[in-house]
Structures are given as C-alpha cells and as structure tokens.
Amino acid sequence: MKSYDFLKPSFWKIISAIIIIGGLYSTYNRFAHGLGASTNLYDTGPWGLWIGFDFLGVGLAAAGFTIAATVHIFNIHKFEPIVRPAILTAFIGYSLVVCLLIVDLGRPENFWHPLIMWNVHSVMFEITWCIICYSTVLTLEFAPVVLEKYNLKKPIRILKKFSIGVVIAGVIFSTLHQSSFGSLYLIVPGRLHPLWYSSLLPVHFFISCIGAGLSMIIFESFLNARAFNTSIRMNILSGLAFAILIDLILEFILKLTEFIAAGKLIYLTIPSTEAYLFYLEVFIGTLLPVYILSNKKLREDRKWLFISSVLVISGFILDRMNVSITGVAASSGKNYFPSFDEISITLMLVVLAILAFRFVVKNFPVFTGEKSLQIIGRERSAKNSKQLIVSE
Amino acid sequence: MVALSVVLTFLFVILIDMLVLKFQGKTHPAFENSFVEDTVSIFDDAKIVIPKNMFLSKSHIWLKKLSKGLYQIGIDNFLCKSFTNMSFNKFPEPGNKLKFGDALFEYRVGNKTLKILSPVDGIVSSINKTESRDKIIDPYSQWQVIIQAERIDAQNNFLSGKKAAVWIKEEFKRLEDFVYAHSGNTELVGATMYDGGKPVESVAEKIIENYLEDFEKEFLKL
Amino acid sequence: MLNGKGILFDVTLCIGCGACYQACKEENDLPNTNKEYLKDHLSENTLTIVEQYGDKYARKLCMHCNEPSCVSVCPVGSFKKNEFGAVIYDKNKCIGCRYCMQACPHKVPRYEWGKTQPRVRKCNLCSKRLKEGKLTACAEACPTEATLFGDMEKLIEVANSRLKNNPTKYYQHIYGLEEAGGGHVLVISPMPFEQLGYTAMLPDKPMPELTMRAMEKIPSVVAAGGIFLTTMYWLTKRKNQIAREEKKQLFKSENRNNGNKYHEEL
Ligand code: SF4
Ligand code: SF4
Ligand code: SF4
C-alpha cells in the first residue's frame, strides 16, 4: 500500500483536479452572490441544468431497487454479485442529487422545511419524502458492506433480520418517486411540449429508469474492469441486457400506443428542434439498442454490450434533458443555455461522485471481482489491516 | 441544445478515455478479445463423474479394488475441489498397520493440516512418491496409497455409482451452507455460490481455511 | 358562488396611463425598473404591468386562482389562499425550489434572482389594504375604472351585464372566470384574449386536478406493491426451499432402498 501513489499525476487525475477547482470556485460564487449571478435561470425558465441532472442522477440509480428486488424478493440469485454495485450506485447517485438540490434551492438553509411543513398535495413534497426514506433504506442496505470490513458481526445480524422489510420498503419508495419525477410535469400541459407531455408521464419515467439503471450497471462493470483489471461477468451482464431489451420494447410500445391514442403523431411530422431531438432520443435510446440487444450473439459479446449500454444511457440523458429543458424551452420564450457556474458545479459533483465510487470500491468489498476478493482474502488472513487504501 | 450538449459531453469523455488508454498502450475491457469464460464452479453439479469401480468413503477418499485384498486409495473430487492450494503430508511407512479411523495421511492447506482417516483396517503396502502427487488433475486416477485390507466392514458405509454422485452433490450443498454459515459475509459469499470462476473458489477457500477444524468435523468424519 | 374580493379589468376602458403600475410600485415599495412603463415586464420589482397591443392596453397580474397551481405544488405550503380569496406568499416557509414558477399556468410568480436570500414575488391583491377595508392600490389609482375592485359576485354581475348590453363591443367571454378553474381576476375585452397576450387554451378544469389524478394512486400503489412484493418473496423462497428439500429426500430414499447391495462387490 503505497499511500502516496494517488498523488502521482495521470491524465484523468489532472482533469479531475481542474474540474474540482473550477467547481469550488463556482460553488463559492453561487452561495456568495446568489442564483442570478451564477446561473442563466430566469423567471419563465426557473429550472435548468441542475434539475435535469437531478433527473439523471435518480434515474441512473434505479438499478438499486431493481436488482435488490430481483435478488431478495424474487430470489433470483444469479444477480447477487451485482447487488452491491447497484446499491452503491444508487447511494452515490442520490447523494449527488441531494447536493445538486441544495445548490439549486434558492434558500438552501431552509432545505429541512418539508420535514415539518407539509403540503401533501405537492408532488415535490412527496418526492422529498421518498428520497429521504429511500436514502435511509440505501444506507441500511449498504451498511453491512462497511460493517463487514470492520468485522462487526452483531449489527449485521440485526440488520439481516429486517432486511426483507427494508428491501420491500425501498422498492415501494423508489417506484413512487421515480414515477413522481414524471408527475412533476403533469400540472404543466401548456408548458411541456406535447411530444413529451402525457398523462402517462409517471409511467414513462418509471419504465425508462429501469432500463437506464441496468445499463448503468453494465457500464460501471466495464469502468470497474478498466480501473481495477477485474474480470467481467458476462453471464450476469447478458442477463441484465435481456432485461433491458424487454424494458426498452415495453417503453416503445407504450409510447407508440400513447402517441396514437392521443393523436400526437402529427407532431412528429412538424420539423422543429423538439422533433429532431425526439427522433434522436428514440433512435439512440430505444431503437438502436433494441436492434443490438435482440441479437443473442451481440448480447453476449462484450463490445456490443458496452456499446448498447452507452446508447441506452445516452438516450436516457436525452430523454430527461428533453423533458426538463428542450420541452419547456418554447413556452418559456427564451433560449436557455447553462452558465459557466452551472456547468462547472455539475461537472464537479459528477467527478466527486466518480471518485467516491472509486474510493468505496477500493476499500470495501463491492464488486466481487478478483481484486476486491484478494483484498478480502488478505484481510481475512491478517485481520488487523484496517487502513483505507487511497490508491493502488 | 442543452440535451444534445450533455450527451455529447458524455460520449466525448468516453472517447477521450479510449484515446488515453490507447496512448498508454492498454485496451478498454470492452474491446479486449473475448476469452472463454471460466464457467466451472466448485459447486457445479454437472461436472461430477465418478468412475464405476470406485467406492467412496465418508472421509472423502476412494477405494479401488486392484486384486483380492489389495486396494488403491485416493482423494475424491470434493476434497480436491475444496482446496486448490494444498499438498500431501506424513504418509505412513509401508508395512505399517492401520486401523479404521487412523490417519491415512495428512493434507496440508496453507499452514494447517487436515487428517484424512482410513475407512478400513489394513497394512500399508506402498505409497505414491511421484512428483505429480500434489498436482491433482483427475482425482480419480491419481492414487496416493495402496493398502492391503484384511476385511472390509459393511458399516464403513462405502458408496458407489450413482449414489456416490448424489452424495457428492449433497456434500457440495453442505459445503455451500458451511461457507455461508462461517462467512458473516453472506452477500459476498452468495456471489460465490452462484457465479463461476476462479476468484470464487479463492473466497470460499479462504473461509474454509479459516475454519479448518470445523471443516474437519463436518466433512471428514467417518 | 364566488365569495371574497377580486378585480375586473375592462380592456375597453383602459387608456394605458400606467397609474395602476405606478400605484402598485408605491404600495409595495418597489424601485423603478423601466422608464417606459408600457415596455416593462413582470419581475421581482414589478408585480403588474400594462402592455400595449395596437390601440389596446392589457393588464397582467396574478389571477388569484380558485384552485391555484402554486398553492398545490409548493412542497412546504408557502402559498395560501386567504379570506379574501387572494393567494398570498409566506417567505419564511419557502425553500426556493421554484416549482410554483414552473407550474403557474399564467407564468406569474417571479424570483429575486439577484439576492442570496431570494423571495418569490407576485401580486398579493393588496391584502394589507383589504384588511383595513380599503380597495387595492391599483384599483384606487385607476382614473377610468378599467380596473374595478369589488366583491366577486358583483364583479361577475357587472361583467355579464356589460357583455350583454354591448354585444358588438365585447368579445363574448369573461377571461379568468373558468380558465384553469377560474380565479379572482376577471378580464373582458373587445377581442379574443390571446391577441392581448393572455394565456390561451387553458382547460376549464383546475390544473391541480391533473396532478391529483396521479397522486391519488399512491396509496393503492403502496398497498398493492407491499402485498405483491411480500407474496412474491414468500412464494419464491418457498419454491427454492421445496426444491432443496426434494433433492435431499430423493437422496435419502435412494440410499435406503439400495441398502447394502454394493458391499457384496467389495
Ligand atoms: S395565477 Fe399563478 S401565481 Fe397567481 S394564483 Fe394562479 S397559479 Fe398562483
Ligand atoms: S419556490 Fe418557494 S413558494 Fe415556490 S414552490 Fe418552491 S417553496 Fe413553494
Ligand atoms: S392588487 Fe395590489 S399588489 Fe396586486 S397589482 Fe394591484 S396594486 Fe399591485
């Protein structure tokens, strides 16, 4: 354990450092001078990049509840090795979202108000509560991993007793707030472009987050393999890919029937920025991956698996960004593009999330790949090494 | 526009990462040549084939009749698969007398040892001294000891054929439970139970190694 | 049916003098924001505006909806309808999520972007004055009674009779009576309202109903989800257990049946 190795510069380390420094400066700017000085938000377009990233963070973290349900509730133990990465992803995703929300709130010092000031009619209120509850659930679900490292068996045993209840609660909270992010827009039929507005928005949000969340796990497995030289478990990932395929098809059918039923097909023929971006979203995020994944050979090929996961994630990013920014641009009468501070704070938080992920993966048995197993092995034989490894 | 920029940034970062890797002379794991995944698990039932003329004892050794009163002895695939890193130790001298339940030989795992018990009374007639002794590829063709047995008791409970295979399977199941019970690390070991590959074996092995006495009691009693 | 106070704005009477605009600024202690008041727009320092459309003038302000989106969406209940029917804001509760601004069908609420402890700003129907029994500052300042303040019932009556008595002069619709569930600010005009910059095509149903339809389902999702997941857990677990036990059983019985046959071979 050469603990100073992490100071050794590498390409990404330098980039990360630059981004973090820029982000810190912007954070200072945001809190010292207010939203007006640091963002390009305005009265008729009060939500911007940050809210968009909240959608992304929560959506891409969806594997946390999907996988937990698959393994613990449906008892399909094949996917057990990815329970931990999924929960960790969710945990970090939600932390990112909470940080972004705090930055985004006009009165961050009042963030705790929803706890005591209730308005049960508000979707935002419901989301706040679900996120609080689900973060608690995630903490409980991830706690054993940390406790294990320090060999605390008793709390693990206690946690295990409640584990199924916790998982079930987690699935319900997730279902609620994942879909509620869509419900946020139900009240603005006049604002959100009809290509995205639908009374089924909550259902769309729910279905699409599952495919994206699972793709994120695939993507992460590759990242992890890249960073730590661990092996990639193709049999599990192909299984995930199949689930993604079904999810994408379902999403497409739902969208199609909804478009036909609501007579929205006409909007597809009107050339506009919205329509182009909509096409792009459907093509990249749905059609192309469906085409790739429906071929069993490609599904079991690591290269195509990686590509399709990148595609699904890109499509998902497009979708959420379209709902939160593109779709409301026309009705807000001004063209929004995020300011430097908005971008740099967002980038900083993303980089911090990645670093946090790395840190946890390195120090705790998350990916049950070779490397982390060796760490456990080492620990089991020499139980006294409790240092945290900062870098290889 | 914003949507597009975000996606392009995402793709751009992936692209740059590829370039960085290329610059460092590495390949992204997604574009490595696919290698054949190691799907053989220690708990993979399908892989167990026990030759017809073999008899398994509860202490996980096999007996094969050579001629009247002469038996070859080796370890079975359960024992062999439970530990990848082991060696044989302390063989009895040829000519020594052995009783039912005496240590036939010792099995070294890490820095600990396991006693493998003899299921028969008899006299040691020869031992395998070749170097390949410790590298077991096919446990059922590599013998360790030849013993001259006077009498084979029915109560020794030998198993053979299909029954032996079922029993081995059952033993693997028990091992699974054993590892579970001794891990305090259920989820992780859960992973090892259902997924193939070498790393898996090493974790299970580590756990078994740490609880070797328990293992002996559970699995090596006659 | 509508209690409380409100405002009736008659486009035909408005001469575009900007007295209401000025009065509102004074009443609320707001700085000047634009030399040409007709070109100003709603902002944190401008709670009402007078816009010019050809030779017509149109006032814009919060519509004080009967079932306001802003009240419904605010997670902490910063917005409230008071006894006059005015929708008022409590800056001490607000967390600054700006959902109210996103949700308002008339795009009314504004934000103090420049401050580090910003508030949401919008017309509050001069609730302080109303409590003292006065009319709103804008109505008081209006020289032509284009902005008319009064009881809602009275205002509706007046509006209706004006439409009826001058069918050629007025476009036959009272804007704000039914739009998005209706509110306490009514507008009548000689031309269709979208030509005057009022948000057109609003459904007559209150907007919060759209959300309610989804929110209503939450309890059933929770209940059904809970039951479904618990049953699934129990069923799949049971299935696995049975499979395991069956295997064990098979092994045992086989062992017994075959007895000691094989020993003879030894
Ligand atoms: S017009 Fe907008 S701000 Fe005014 S009460 Fe209605 S929803 Fe609220
Ligand atoms: S910005 Fe303030 S008043 Fe508006 S919805 Fe959020 S908390 Fe409520
Ligand atoms: S009612 Fe009061 S606050 Fe509202 S526009 Fe008129 S003067 Fe301004």
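In what follows, chains are A, B, ... by sequence order, proteins preceding strands, each numbered from 1. Just so we're clear, the structure is a prediction, and the values are computed from it rather than from any experiment.
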Colleague: Heavy-atom count check: over 12 atoms from other residues, nucleotides or ligands less than 6.0 Å from Phe11(A) CZ?
Modeller: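 Atom CZ in Phe11(A) is packed in, count exceeds 12.
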Colleague: Mind checking ring-ring contact (aromatic ring centres under 6.0 Å, His included) for Tyr42(A) and listing every partner two or more places apart, or none if nothing turns up?
Modeller: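 Partners of Tyr42(A) by the ring-ring contact (aromatic ring centres under 6.0 Å, His included) criterion come out as none, since no residue qualifies.
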Colleague: Could you grab the distance from atom CD1 of Ile343(A) to atom OG1 of Thr9(B), nearest 0.5 Å is fine?
Modeller: 8.0 Å
Colleague: Which atoms form the tightest heavy-atom contact between Leu4(B) and Leu318(A), and what is the distance?
Modeller: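 Of all heavy-atom pairs spanning Leu4(B) and Leu318(A), the closest is N-CD2, 4.2 Å.
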Colleague: Does CD belonging to Glu93(B) count more than 12 external heavy atoms closer than 6.0 Å?
Modeller: no
Colleague: Would you find more than 12 non-hydrogen atoms of other residues, nucleotides or ligands less than 6.0 Å from Asn96(B) atom CG?
Modeller: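 It does: Asn96(B) CG has more than 12 such atoms within range.
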Colleague: In terms of heavy-atom pairs under 4.5 Å, which option from Trp12(A), Phe53(A), Phe316(A), Phe337(A) contacts chain B the most?
Modeller: Trp12(A)
Colleague: Which pair of heavy atoms, one from Val7(B) and one from Ser314(A), lies closest together, and at what distance?
Modeller: CG2-O, 3.6 Å
Colleague: Please look at Ile15(A) and chain B and tell me whether the side chain, the backbone, both or neither of the residue comes under 4.5 angstrom of a heavy atom of that chain.
Modeller: neither
Colleague: What pairs with Ser16(A) under side chain to side chain contact (heavy atoms under 4.5 Å, CB included), at least two apart in sequence or on another chain?
Modeller: Val351(A)
Colleague: What closest approach, in Å, do Met1(B) and Leu277(A) show between heavy atoms, and which atom pair accounts for it?
Modeller: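 Smallest interatomic distance, heavy atoms only, reads N-CD1, 3.8 Å.
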Colleague: Find the distance between CZ (Phe10(B)) and CD1 (Ile317(A)) and round it off to the nearest 0.5 Å.
Modeller: 5.0 Å
Colleague: In terms of heavy-atom proximity below 4.5 Å to chain B, should Leu49(A) be classed as side chain, backbone, both, or neither?
Modeller: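 Just the side chain, heavy atoms under 4.5 Å.
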Colleague: Tell me, out of Val2(B), Val13(B), Leu11(B), Leu8(B), who's got the most heavy-atom pairs with chain A below 4.5 Å.
Modeller: Val2(B)
